[in-house]
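Accompanying notes for the structure given below.
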Amino acid sequence: MLPYPSGRIHMGHVRNYSIGDVIARQKSMSGWNVLHPMGWDAFGLPAENAAIKHGVDPASWTRENIAVMREQIKRLGFSYDWDREIATCDPSYYKWTQWLFLQLYRNGLAYRKTQKVNWCPSCATVLANEQVVNGACERCDTPVTKRVLEQWFLRITRYAERLLKNLDELAGWPEKVKVMQHNWIGRSEGVDIDFAVEGTGEKLTIFTTRQDTICGVSYVVLAPEHPLLEQLISGKPDEADIRRFVEDVMAQDEIARTAEDTEKVGMPTGAYAVNPANGEAVPIWVGNYVLMEYGTGAVMGVPAHDERDFEFARKYGLPVKVVINPPGESFDESGMEGAYVDEGVQVNSGDFDGMHSSEARAAIAEYLEREGTGRKVVHYRLRDWLVSRQRFWGAPIPIVYCDSCGIVPVPEAELPVMLPEHVEFMPTGKSPLADCPEFVNAKCPVCGGNARRETDTMDTFICSSWYFSRYASPRTDTAPWDRAHVDYWMPVDQYIGGVEHAIMHLMYARFFTMALYDIGLVGFEEPFTNLLTQGMVLMDGAKMSKSKGNTVDPDEIVNEYGADTARLFVLFAAPPERDLEWSAEGVEGCWRFLQRVWRLVHQYVQAVGDERKNMHEGVGVAVVPNPDSLSPEAREVRRAVHGALKKVTEDIEERISLNTAIAAIMECVNSLYALKDAVLSEQGDAAVMAEAIDILVVMLAPFAPHITEELWHEIGHSGSVHRVEWPKYDPRAIVVDEVEIAVQVNGKVRERLTIPADATEDEAVAMALASEKVLAAVGSGSVVKTIFVPKRLINMVVK
RNA sequence: GCGAGAGUGGCGGAACGGCAGACGCAUCAGACUUAGGAUCUGACGGGUAAAACCGUGAGGGUUCAAAUCCCUCCUCUCGCACCA
């Protein structure tokens, strides 16, 4: 885990870590070697904002937060290996973040380019595409503007295909997350098609996935940012109007421009393009609905077969030409009320007439390739990852700029490039590092001449894209990790986090891992084998948040009820992946349950007195020496306990269904309350109760580690309950002699019978037919068929 | 619009195609108590005097049997959304 050290932990943390801790503890008790680490995603804006607002140093602000949160987490009793704790703002960590950046740079995966980028005016920094949500800054909700800047990018697009393909292999990931990544990558197969611009030597390339509709093109539209536009309109009579139009569109912010209900507007440029499929000249327009960022920044307008084009054409009176008819029908162009976007039969398409549109798609693509006017291509929505940030509190990008040598990576021996201390923090749009001469001024590692350092820092998502591997050998100082240890531990068997990481963190981490695999630094391509996306913690149906004032501080719950109650509640109140509604009464209920366990164990201890020394002297669970000769009550106790043990084990190991696991323990406790007096009074059954109490405490231990440890000692054991080997249920104990089955007549339950568990169908039916209720239901009809499900039911079909 | 998930008592939630509502909360009753907001025991989907009967968003279907599988639809949540 790698939480951001925001100041205090919240219930979402408690929930996440409680789930992980149950798994870690149970696996460890089951004999596994478990790596259960904790560290801090310690770079980031809040620290810097605190510096600006309160004049504190980001480093000390962060360190203090970490200290507070570490104590809070320790109070909750999570079994973290604190010897492996890391903080990404620690030079011993970011040295390797920088080192990894250089490896990517050497392998052509980190590069610098000038591009229009997303800019958050409030955070005063650029943002990655993934950090822009509905045109606003993902962090502060401020509408994002655009700036043209030279920035560092990571070439994640090179991995688009693999990031997409590998999703199929991630069987342990929720469908939801895979779908989100799939959509984000946005693979789209189509054709780039060249239209000649009439009267010039220029060509205009459009991208389409519907080349089958090429003969229906009645115009072509460019994005307002399209580089060819300038040349097309210069000297034209409408030049000034068009320029004004383009400027208006570009002045709109992202939200307004891309909202679905934004009206499509455009203007003809006065230029014409020639359709390579049929030689027709069509007008070239500029329109607000075409995005420069996607495809080629130009599209063909086929109003008859595309909703957007239809809307646009109707608005501006552009012709609508049908080239695909639905099977067995034909369209009247003037009467169309919308585009026909489905498959059909080609018409008005020359040699392609009569083909099915899916066939024509292939044929036309091949035709265009043959003619040299088109190329089959795959476009992705995924953009390269913009990683520069004009902020101070991040890992410096280990690059210097030399007037004679250009971009020069800092030699590995000189890493880390340290963040300076005592820096001014006013957000100016430049990194504060830029105003820090002792940082900026450097010598070129190549020629020794004067050079200046890169003053931007890295997106903190880089820091969190490799931390899991660092946990394998967190103190290694000659490499980011010791390969032998990484090979032993990685990939992560069970990763737990909120869905909010579905795109950014989880995609970046996958990309990093793949890239490092290709470079040869790790032996695995995918970092997280199993992913559990836990639900949110809600209060009155809304996410707990400081601004809404509907938070519950974990510390308060721990103070009032103890850590075990807090843990038990967040695990019991809902299945892990679903949202959890906070309930003060529910917390109370969990606390009562733990009290009930406490009393049960103490009553047992009191009843057996000093005798228990013999029964519980070992470090394991007490053994019943004579399981086959027990009183009925004692057998009942064993059935309840071993049945619960079976269910708890399976619920943890097979489906991480922790709420039902706890319910099973509660049921077990209820049974023990009902049976304890009878069993404790029977001399010969003493060992049964000893075993029952031991198993109860052991199987509760991963959920409520403190109270169980205490009880374990009260019972008389030495050693820690958390070092006890996870017991195996005794299959003989859960065998039942008699079962209650339902007797159905025509699917309706008419009787419940207790019959021997091994009764045959004939015996069971005979007993059923001895029941008056069954006979009454059968009445005068005759039984034409009987279904017998052993130990469950009989269904008689009567006519 | 596209995609994913979810609709079950007063509430949170259980249920390999096989007795719907485990477990917990709330409520009610009893016991123990000077007392109980503690504890223990019990009741607790609707309906009925008791049955019958009706009940898992709606409607169809498959099946001896459907909360569960299939089809149509409705509602909610989340993600994407002029991506050509």
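Sequence lines set the chain letters: A, B, ... in the order given, protein chains first and strands last, and positions in each chain run from 1. Just so it is clear, the values below take in all heavy atoms, side chains as well, and ignore hydrogens, waters and symmetry mates.
Listed candidates were B:C40, B:A84, B:C53. Nearest to the side chain of A:R599 is B:C40. Checking B:A84, B:A52, B:C54 against the side-chain heavy atoms of A:K748 singles out B:C54 as nearest. The side chain of A:Y673 lies closest to B:C40 when the candidates are B:G18, B:G3, B:C40. The side chain of A:K176 lies closest to B:A4, out of B:A20, B:C25, B:A4. Taking the side chain of A:E667 as heavy atoms from C-beta on, and the options B:A22, B:G18, B:A81, the nearest nucleotide is B:A22. Listed nucleotides B:C82, B:A52, B:A65 differ in distance to A:R750; the shortest reach to its side chain belongs to B:A52. In this structure, of B:A20, B:C82, B:G18, it is B:G18 that holds the atom nearest to the side chain of A:L793. Comparing B:G18, B:A81, B:A84 by their nearest atom to the side chain of A:N795 picks out B:G18. With B:C23, B:A84, B:C82 as the candidates, the nucleotide lying closest to the side chain of A:S188 is B:A84.
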Original post:
If the sugar-phosphate is the primed atoms plus P, OP1 and OP2 and the base is the rest, what is the B/S/- string for nucleotides 7-17 of chain B, using protein heavy atoms under 4.0 Å?
Top reply: -----BSSSB-
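Note on A:S583: nothing from the nucleic acid sits closer than 4.0 angstrom, heavy atoms only. Heavy atoms of A:V302 sit nowhere under 4.0 angstrom from any nucleic acid atom. Within 4.0 Å (heavy atoms only), A:G295 reaches no atom of the nucleic acid at all.
For the pair A:R187 CZ and B:C80 C1', the computed distance is 19 Å after rounding to whole Å. Atom-to-atom, CD1 of A:I214 to C1' of B:A84 comes out at 13 Å; the value is rounded to the nearest Å. Taking atom NZ of A:K676 as the reference point, atom C1' of B:U41 lies 11 Å away to the nearest angstrom. The NZ-C1' distance, from A:K178 to B:C78, rounds to 18 Å in whole Å. When the P atom of B:A84 is taken as reference, atom CG of A:L222 falls 18 Å away, rounded to whole Å. For the pair A:H226 NE2 and B:A84 P, the computed distance is 17 Å after rounding to whole Å. In this structure, CD of A:E650 is placed 21 Å from P of B:A22, rounded to the nearest angstrom. Note: CZ (A:F207) to P (B:A84) measures 6 Å, nearest angstrom.
Taking 3.5 Å as the limit, the base of B:C82 and the side chain of A:K264 contain a donor-acceptor pair of atoms between them.
For the atom pair A:K176 NZ and A:E577 CD, the distance stands at 11.0 Å (nearest 0.5 Å). The distance from atom CG of A:L568 to atom CG of A:L658, rounded to the nearest 0.5 Å, is 10.5 Å.
Between A:K264 and A:E307 there is no salt bridge, since no side-chain N of the basic residue sits under 4.0 Å from a carboxylate O of the acidic one. Using a cutoff of 4.0 Å between basic side-chain nitrogens and carboxylate oxygens, A:K116 and A:E225 are scored as salt-bridged.
Nucleotide B:C23 forms a Watson-Crick or G-U wobble pair with B:G12, both donor-acceptor distances falling under 3.5 Å. Of the nucleotides present, none pairs with B:U62 by Watson-Crick or G-U wobble criteria with both distances under 3.5 Å. With a cut-off of 3.5 Å on both pairing distances, B:A35 has no Watson-Crick or G-U wobble partner at all. Using the Watson-Crick or G-U wobble rule with both distances under 3.5 Å, B:C2 pairs with B:G79. B:A84: no Watson-Crick or G-U partner with both key distances under 3.5 Å is found in any strand. If you check B:C28 for Watson-Crick or wobble pairing at under 3.5 angstrom, you find it paired to B:G42. Partner assigned to B:A52 is none, using Watson-Crick or G-U wobble distances below 3.5 angstrom.
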Enumerate donor-acceptor pairs with a distance under 3.5 Å from any side-chain N or O in residues 373-380 of chain A to protein atoms, sequence neighbours excluded.
{"unit_1": "A:R375", "atom_1": "NH1", "unit_2": "A:D194", "atom_2": "OD2", "d": "3.0"}
{"unit_1": "A:R375", "atom_1": "NH2", "unit_2": "A:D194", "atom_2": "OD1", "d": "3.0"}
{"unit_1": "A:H379", "atom_1": "NE2", "unit_2": "A:D192", "atom_2": "OD1", "d": "3.3"}
{"unit_1": "A:Y380", "atom_1": "OH", "unit_2": "A:E161", "atom_2": "OE1", "d": "2.2"}

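Comparing A:R210 and A:E585 by the nucleotide of RNA chain B that holds the closest heavy atom to each, the one mapping nearer the 5' end is A:E585. With RNA chain B read from its 5' end, the first of the two nearest nucleotides for A:N183 and A:E175 is the one closest to A:E175.
Ring orientation note: the planes of A:H501 and A:H505 are nearly perpendicular, at an angle over 60° on the 30°/60° scale. Ring geometry for A:W285 versus A:Y316: interplanar angle of 30 to 60°, hence tilted.
A:E130 and A:W184 form a side-chain donor-acceptor contact under 3.5 Å, judged by distance and modelled atom types alone. If you check the side chains of A:R596 and A:N670, you find a donor sitting under 3.5 Å from an acceptor.
The shortest distance between the side-chain N/O atoms of A:Y294 and the OP1/OP2 oxygens of B:A84 is below 4.0 Å. Distances shorter than 4.0 Å separate some side-chain N or O of A:N670 from OP1 or OP2 on B:G24.
Atom name P, nucleotides B:C53 and B:C71: the rounded distance is 32 Å, in whole Å. When the P atom is used for both B:A29 and B:A38, the distance is 14 Å, rounded to whole Å. Comparing B:G3 with B:A67, their C1' atoms sit 25 Å apart, to the nearest whole Å. For B:A66 and B:U56, the P atoms lie 11 Å apart once the distance is rounded to whole Å. A distance of about 12 Å separates the P atoms of B:A15 and B:A22, rounded to the whole Å. When the P atom is used for both B:G79 and B:C64, the distance is 44 Å, rounded to whole Å. Spacing of P atoms, B:G59 relative to B:A52, comes out at 23 Å, to the nearest Å.
When the shell of 6.0 Å around NZ of A:K315 is examined, it contains more than 12 heavy atoms from other residues, nucleotides or ligands.
Scanning both residues, A:V739 and A:V736, for their nearest heavy atoms gives CG1-CG2, 3.6 Å.
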